[in-house]
Structure formats: structure tokens, C-alpha cells
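First up is the structure itself, then whatever we jot down about it.
Naming convention: chains lettered A, B, ... in sequence-line order (proteins, then strands); numbering from 1 in each chain. Scope of the values below: all heavy atoms of this structure, side chains included, with no hydrogens, waters or symmetry mates.
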2 protein chains.
Amino acid sequence: MADLELAVSTVILALLPGSCPTAVNAASPAGPTGERPADALRLHLPLVRRTREPFAERWALPGGWVTPDERLSSAARRTLEETTGLRPSYLEQLYTFGAPRRSPTGRVVSVVYTALVRAPEAADVEVGENVRWAPADALAETVGDLAFDHAEIVDYALWRLRTKVSYAAIAQHLLGELFTLAELRHVHEAVLGKPLDPANFRRTAVASGSVEATEHVQTGAAHRPARLYRAVLPPGGAAGGYPPWQSRPELG
Amino acid sequence: MADLELAVSTVILALLPGSCPTAVNAASPAGPTGERPADALRLHLPLVRRTREPFAERWALPGGWVTPDERLSSAARRTLEETTGLRPSYLEQLYTFGAPRRSPTGRVVSVVYTALVRAPEAADVEVGENVRWAPADALAETVGDLAFDHAEIVDYALWRLRTKVSYAAIAQHLLGELFTLAELRHVHEAVLGKPLDPANFRRTAVASGSVEATEHVQTGAAHRPARLYRAVLPPGGAAGGYPPWQSRPELG
DNA sequence: GCTGTTAGTGTCACGCCCACCTGAAGTTGG
DNA sequence: CCAACTTCAGGTGGGCGTGACACTAACAGC
């Protein structure tokens, strides 16, 4: 039990246009028919530049050590805000990585969380010298090799998000309180990496009961105004792909 | 980081008839039409009686401490065999529980694994004074309150197994190498708690590609002999509900 | 007012899953 | 040896969800 340290790390994702951290509304959304424009919405995640060995100067997931009196999810929230200033709208435990040689300096077991953050909130965070938004699907090209096994962790988090977004209503946490169905569809398209049929997406989204229409409509666009929708929480209990005690998926 | 200890626990399940640990073949299987006979197959899990405080004399999940040089999954296997003598045919990380007051003696973070074991092997293990098989769906009635938060953990493991057995081919790990489709269906019925149509189960099981027919047939039964099937491993990669690096789901 | 663009609705076809039915192939009991 | 029984194995029709696509609605810009 000696020489064993417990850390938390977080893969936190936001939907940002292209490659620069500006608001989501500034982006021209991807055309529904196919190829992705240069300014399409893409999943981004903040990385932190390491200042100390091991892996000094390399980019890593935000994280830190667990203190004795806080929950694991609280440690994830705290270290995330300390290193990036972000407060997630969704937080879920992903996996615990504990291979003996993950870190060259000793045994480190990392409880990894996946988090989502709304895009405008993400854009408000100033990107300093040591924090950087990187597109999730091209990490190696933009920031090189990540520290530790963090590239593997990101791959797993993206795989889980892709599989989960098709059966659980979590994509809404990447948007604001009110959103159009087109925006929600763009989120799914960015996560899944393929275009979706607007009519069919509308049907399944409404029929699933995960969103409800509001009185408001979106104005100012050069087309028929879109109705704004609101996320509807699972009605207490095991809805939404969680066990009863995890309807808010952050226990433990 | 001081005063924080890392443990592993395992929810290991086997399919035993009724309430006594005898071989699976000795059981008269549940009728396909509805109500469960007294000797139907039920999910059981081994519990270990605690000999020390806290929770002395109470029943708990098998587990132990992580040593500095072993993987988390290895620690789960090792502590499971040390306390129960069982070697699982399937092992998968379930969740990491780390609430500050889980243990009254200090902060303990437990990486919990779910495991499956074949029934005849389970029956071979002698049940001593301090190990006991208990039916998974009636723990409170048979062994009373479990130690720590282990009842909650078992509930979560069962919920995950139920949801996962419908899309991943894992029920086979509760049977031997060769099995009839009726036996595999009985496993699904025991996990899901409801009867399944034999004809439809056959079609979906064969069509999914998770089992393949062999030349052998089962003899000795008072009816037409059933063909024996073999589990077919997912063909390398992301089949079976796992990410690429987790096609054998025990990394970390 | 015309046009372009996107929101939203309706319709049809295909495929999957489920309930049910029919025949086949063994064993048991007289 | 023969009848009865039980389960395997395969087939069929209907319901439902999803994908593809056509059509109408509403607003901005010129």
C-alpha cells in the first residue's frame, strides 16, 4: 500500500467551431448533406502543459491528487477547475487506469472522469500559456504525443461517448438551456462523425421524450424560425441509461 | 494522499440451481412457459465472512489490497482466488467507489470488478465456514445486511449485467465450453428474470454470430437431442461492446 | 414581390423482432 | 413393438422503429 498514489483525471469535451475557441453560435453549421466545412463544429478538449518531470513540456489531461475528505467526483471537479477554470455541466466516471508502469516515477492509479461543458462557457475561459483547446479527433497532429497513457484514455472516452450518445440523452449538456433541434443534431453529428437525416432525427429525439418544445423560437435567421427545445430530465429512477442510484451520474 | 488505501473487490456470479451449490446439470431447467420452479437456475455470488472489525461477522464481497507491482485486474484475480478459490472465466472493471465515509476506519477507495465463473467449477469449491454462496436476488433475506456499501455495489453489478447481456455476448462465460442453446437461454432467463421464446432466442443467438454449431449433440435426455454450440470470440477489434484495446476486457 | 434557405411534416419501404404454428427426432412406458 | 410425450428446429405473418425522400412553411435579402 505504500508507494501508491491515487489521482483523478478528466476528459472534458466541448463543441467548438474549427480550431479556435470562439462561441458556438459564430460557426456556420455543417451542411446536412455530407462533407464537413472548415468551420464545422468539432469536439475539443482542454489540455494542460506539464511543467515538471515526468513528461515536462508535454500536454496532459487536467487532473490532480485526491484529498482524504472529498469524494472522487468532487476531486475531479476541483482539479478540473483549478487547472482549467471550467465547471462541467455533466460528469461521469469513465474508468480507473492502474497499470504498474503508467508513470515512470512510481505507481499511480488514476480514476478518470468524462465531462461535458457548454460551448459558450468554454469560450469564456481564457486560454493561457499552459492550457490549450485541441480537437479531439486530431490530437497527435496538433499537440503531439500526450503525457503518460493519456492518448489511450482519450480514445476510450471518445469511444464511450460515441456509443453512449446513441442511447442516453447526454448530448444536451454540450448546449445551453434552450436549443434548436438542428443544434442538437449538429452535436450528434460532431460526436458520431457522420451526417444525420434532419427529419428522422427530429422524430426520434421528440419520441424519446428527452427534449420538450418551448414557446420560444429562434429569430434572425434567414429562414423559417426554429422552435427552441429544453432538455427534460429523466423522471427519477433508472431512465437514461443509469442505475437508480446514479440518475445523477456522479456518485462515488 | 496519506491515509488513503486502495482496495479491489469482485462481484463474481455463477449460475447455481436453487440455493445449494451443486452442478448446473443436476438442475431441472425452468419451464419455458412462465413461472419459475423451485429448482430453477439462479444467479449466486460467493460472500466472505469478515473476521475483523469493522463489520466483523458480517458478509462481504471478496477482495483485498492492491500491491505496488500488480495490475488492478491481477489484484482482483489474486484476492478472489485467495479468499474463495475461484478463477473467473470473465473479468471486467465495474466502477470505483470512493466516498469518504465508506469505511468507518478510514478512507478506502475500492476498484470493483464484475466476474463470471462456470457453474461446475463453482460447485467444486468447498464452502467453508467463512465462504458462502448466496442468491443474488435475495441477499438480504439469506445473509442479512452486507458489510460496507457492498449491497449497493451488488445492485449496480446486477444492473450492469442485465443491461449488458442484451447486447454483448457474455452469458456464455457462465457455461462450459460446449452448451445447448436451451442452456444459454436459461442463462439469459436467469439474468433477465423473465422467460424467453425458444425459437426467437435461437434465431437471434445464431444470427448474432456469437455462437457456432458443433458436430456434437446432447444425448440421454428424454426428448430429441439438442445440438451443442461453442462460443465464438469476437474477431479481433471492437466487436462485442468493447473498445479496441479492451477486446479482452481486463486491461488497466 | 421574388428567391433562396432552412424548419418542420408526411409518406413509403425495408428490416428486425416477436408471437404463434407445424413438423422432426429422440426417449419413456406399457 | 407401438403409442405418447417432450423438446428441437424451422417457418410465417404482423407490428414497430428506422432510413430515404418529397413536400409545405416561414423568414431574410435583394
Side-chain angles (χ1 to χ4, degrees), chain A residues 24-25 27-34 37 39-41 163 165-169 175 178-189 192-230, chain B residues 25 27-34 37 39-41 165-167 169 175 178-189 192 194-230:
Chain A
V24 57
N25 294 331
S28 64
T33 55
D39 249 8
L41 296 177
T163 59
V165 81
S166 60
Y167 70 88
L175 297 170
L178 297 180
F179 49 85
T180 68
L181 289 184
E183 290 171 341
L184 184 61
R185 176 169 49 85
H186 292 146
V187 176
H188 280 78
E189 288 173 339
L192 298 177
K194 64 179 181 183
L196 300 173
D197 183 84
N200 298 327
F201 181 82
R202 158 181 311 277
R203 239 189 335 191
T204 57
V206 173
S208 73
S210 61
V211 295
E212 68 177 3
T214 67
E215 301 298 320
H216 309 87
V217 291
Q218 190 186 45
T219 60
H223 52 78
R224 173 176 175 177
R227 185 167 296 276
L228 293 175
Y229 286 75
R230 179 190 298 119
Chain B
N25 295 332
S28 63
T33 55
D39 247 10
L41 296 177
V165 80
S166 60
Y167 70 88
L175 298 170
L178 296 179
F179 49 86
T180 68
L181 288 185
E183 290 172 341
L184 185 62
R185 178 169 48 85
H186 291 326
V187 176
H188 280 78
E189 288 173 340
L192 298 177
K194 64 178 181 183
L196 301 173
D197 183 83
N200 297 327
F201 180 81
R202 157 181 313 279
R203 240 198 325 238
T204 56
V206 173
S208 73
S210 60
V211 296
E212 67 177 2
T214 67
E215 301 298 320
H216 309 86
V217 292
Q218 189 186 45
T219 61
H223 52 76
R224 172 177 175 176
R227 184 168 296 278
L228 292 175
Y229 286 76
R230 179 190 298 118

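Atom CG of A:Leu196 sits about 5.0 Å away from atom CD of A:Glu189, to the nearest 0.5 Å. For the atom pair CG (B:Leu178) and CD (B:Glu215), the distance works out to 11.5 Å, reported to the nearest 0.5 Å.
Of all heavy-atom pairs spanning A:Ala205 and A:Val211, the tightest one is O-CG2, 3.7 Å. Contact record, B:Leu228 with B:Thr214: O-OG1, 2.7 Å, taken as the closest heavy-atom pair.
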Enumerate the protein-to-nucleotides 23-25 of chain D contacts in which both atoms are nitrogen or oxygen and the separation is below 3.5 Å.
residue : atom : partner  : partner atom : Å
D:dA25  : O4'  : A:Arg224 : NH1          : 3.2

Output a table of nitrogen or oxygen pairs between the protein and nucleotides 1-3 of chain C separated by less than 3.5 Å.
none

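Remark: B:Ser210 engages B:Ser208 in a side-chain hydrogen bond (donor to acceptor under 3.5 Å, both in side chains) (not counting sequence neighbours). For B:Arg224, there are no side-chain hydrogen bond (donor to acceptor under 3.5 Å, both in side chains) partners at least two apart in sequence or on another chain. Annotation: side-chain contact (heavy atoms from CB on, under 4.5 Å) contacts of A:Ala213 (sequence neighbours excluded): A:Arg227, A:Tyr229. For A:Asn200, the side-chain hydrogen bond (donor to acceptor under 3.5 Å, both in side chains) partners two or more places apart in sequence, or in a different chain, are A:Asp197, A:Arg203. Under the salt bridge (Lys or Arg N to Asp or Glu O under 4.0 Å) criterion, B:Glu212 pairs with B:Arg230, sequence neighbours left out.
Rounded to an integer number of Å, the gap from CZ of B:Phe201 to C1' of D:dC8 is 14 Å. B:Leu196 places its CG atom 15 Å from the P atom of C:dC20, with the value rounded to the nearest Å. For B:Lys194 and C:dA19, the NZ to C1' distance is 14 Å, given to the nearest whole Å. As rounded to whole Å, 14 Å separates atom P of D:dC8 from atom CZ of B:Phe179.
Near DNA chain D, meaning a heavy atom under 4.0 Å from it, residues 213-223 of chain A has A:Ala221, A:Ala222, A:His223 in order of number.
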Check: With the sugar-phosphate defined as primed atoms, P, OP1 and OP2, and the base as all remaining atoms, what B/S/- string results for nucleotides 10-20 of chain D, 5' to 3', for protein heavy atoms under 4.0 Å?
Finding: BBB-----BBB
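Defined by atom type and a distance below 3.5 Å, a donor-acceptor pair is missing between the side-chain atoms of B:His186 and B:Glu183.
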Got a list of side-chain donor-acceptor pairs under 3.5 Å for residues 216-223 of chain A, not counting sequence neighbours?
none

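No side-chain heavy atom of A:Val187 sits under 4.5 Å from any side-chain heavy atom of A:Phe179.
Position along DNA chain D of the nearest nucleotide to B:Thr180 versus A:Pro225 favours B:Thr180 as the more 5'-ward residue.
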